[in-house]
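Just so we're on the same page: letters track the sequence lines, and every chain starts at 1.
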Amino acid sequence: MVLSLAMVVADHRTTALDPLRTALATAVSPLIFTAHLPYAALEAAGHWRATVDANRRLSRELSRQAIALQRLSALEAENARLRALLGSAERVQGRERFAAVIGVTPDPRRSQLIVDRGDGQGIGLGDAVLGAEGLVGQVIETGALSSRVLLIDDLAHSTPVVVLRNGLRALAQGQGPGVPLSVPYLSSQDDIRLGDVLVTSGLGGRFPPGYPVARVIAVEGSTSEAFMNVQAEPLAPLRRLQDVVVLSVAGGQRPPWDQPLGDAR
Amino acid sequence: MPAPLLAFWGSLGVALVLTALALPAASPAELGWFRPQWAVLVLLFWVMMAPEAVGMGSAWLAGLLVDSVTGSLLGQHALTYVFIAWAGLSLYQRLRMYSLLQQALIVLLTVLAAELAAALMLRLARGQALSLALLWAPLMTALCWPLVYGALAPLRRWLGPSL
């Protein structure tokens with residue numbers, strides 16, 4: 001019992017247990033693949049095998065294009081504002097890897113996915129995970145064959161964002177599965193409107209800048225209150241994801257100020 | 001490895017697959033609150049039937065695997081499972097005499113205590129709010145006890161009457 005308590009504290013506060021997490025994740029990944037079998041079988045039963053393969057290849061190609069396009073539109077917005085600010089920061093050079101979603105966390109309070117690529121395929125802790133529609137989350141645990149992804153609507157997740165229209169910096173905090181993101185600390189003087197698209201700012205170094213995150217669906221508050229209540233809906237369909245892209249930072253090195261991931265668990 | 005221990009790890013594997021099984025994407029998210037803790041049931045069954053083979057050590061390791069499957073803090077389930085195994089070990093002689101209903105009641109109480117301890121721990125660690133919906137999982141777990149008992153009892157009989 002004492003050992004368990006010590007582990008809980010250690011896992012929450014430090015990265016010391018990461019190798020153990022990796023080993024355990026590798027050990028249980030056959031079970032997770034087994035649990036995914038019924039869904040995989042359902043998918044295979046509905047279509048001809050070849051059609052499924054072609055479909056998957058094409059939809060992956062499509063999401064690759066969509067992601068490239070998202071990035072372009074963000075770049076255009078930047079250029080239009082004639083600001084060399086983001087351009088001057090070095091762009092993250094990463095590798096894109098496709099991964100299929102093979103599991104979700106059974107805990108209704110958490111918002112996590114398991115994907116079928118692990119550190120054996122070059123995926124590292126903290127890698128950004130993207131969908132065709134927008135940012136999905138980040139990798140918080142890797143096994144040899146699978147990894148665990150923390151989604152942007154988890155209580156433990158905050159995403160540094162900017163408003164695409166005017167470059168206003170903000171945070172998009174997860175409020176739990178199925179609940180819109182909260183955008184705190186904006187006063188009524190700040191220019192944010194319904195329908196504004198929030199994209200990653202790249203601050204914090206975890207996510208590359210310019211990827212769409214969420215759309216503002218509620219802006220409430222009066223001048224008498226210090227902060228407005230702003231809510232935003234994630235653009236990626238977090239409950240219906242099947243394929244995602246994991247963006248690995250080259251060399252797997254993280255900025256020195258990067259925090260351990262314990263708080264996310 | 002003694003046969004009951006093998007049987008324990010085998011049935012625990014099945015329980016872990018059931019734990020990891022995703023709900024259909026179309027189902028409401030609230031359904032997640034009603035998921036029984038299959039691993040606890042398997043653990044309690046084998047602690048009760050083979051206390052000399054399956055003890056707190058096995059419970060701790062099983063809890064660690066559950067931690068990995070559910071993505072919780074490492075040690076969270078290990079801690080509660082050691083407690084549950086301890087309760088099972090101290091009660092196993094009485095548990096064997098009880099009817100299924102009485103056993104299910106004991107399951108309800110132990111899982112409830114374990115769940116509350118875990119929730120308290122998460123509140124301290126993460127500031128996660130306590131929710132009354134927490135009470136559904138122990139209830140479902142207790143309701144599933146006859147099911148697990150019915151599935152594992154033939155396996156135990158097959159292993160031999162000596163247990």
- Which one of A/Arg239, A/Arg240, A/Arg148 has the most heavy-atom pairs closer than 4.5 Å to chain B? A/Arg148
- For B/Leu61, is it the side chain, the backbone, both, or neither that has a heavy atom closer than 4.5 Å to a heavy atom of chain A? neither
- Query: What part of B/Trp86 lies closer than 4.5 angstrom to a heavy atom of chain A: side chain, backbone, both or neither?
  - Reply: neither
- Item | Reported CG-to-CG distance for the pair B/Leu44 and B/Leu95, which is rounded to 0.5 angstrom | 7.5 Å
- When A/His157 is tested against each of A/Gln173, A/Gln112, A/Gln138 for side chain to side chain donor-acceptor pair (under 3.5 Å), which residue passes? A/Gln138
- Using a cut-off of under 4.5 Å on heavy-atom pairs, state which of B/Asp67, B/Leu79, B/Thr80, B/Val82 scores highest against chain A. B/Leu79
- Return the option, out of B/Leu64, B/Leu18, B/Leu16, with the maximum number of heavy-atom pairs under 4.5 Å with chain A. B/Leu64
- Flag yes if more than 12 heavy atoms outside B/Trp136 fall under 6.0 Å of its CH2 atom; otherwise flag no. no
- What class does the angle between the rings of B/His77 and B/Tyr81 fall in, given that below 30° is parallel, 30 to 60° is tilted and above 60° is perpendicular? perpendicular
- Message: Using heavy-atom distances under 4.5 Å, tell me whether B/Phe83 contacts chain A through its side chain, its backbone, both, or neither.
- Response: both
- Query: Given a strict heavy-atom distance threshold of 4.5 Å, which part of B/Met56 is in contact with chain A: side chain, backbone, both, or neither?
  - Reply: neither
- Can you tell me if A/Gln121 and A/Arg97 form a side-chain donor-acceptor pair at under 3.5 Å? no
- Determine the interplanar angle of the A/Phe227 and A/Tyr185 rings, folded into 0 to 90°, and report it as parallel if under 30°, tilted if 30 to 60°, perpendicular if over 60°. perpendicular
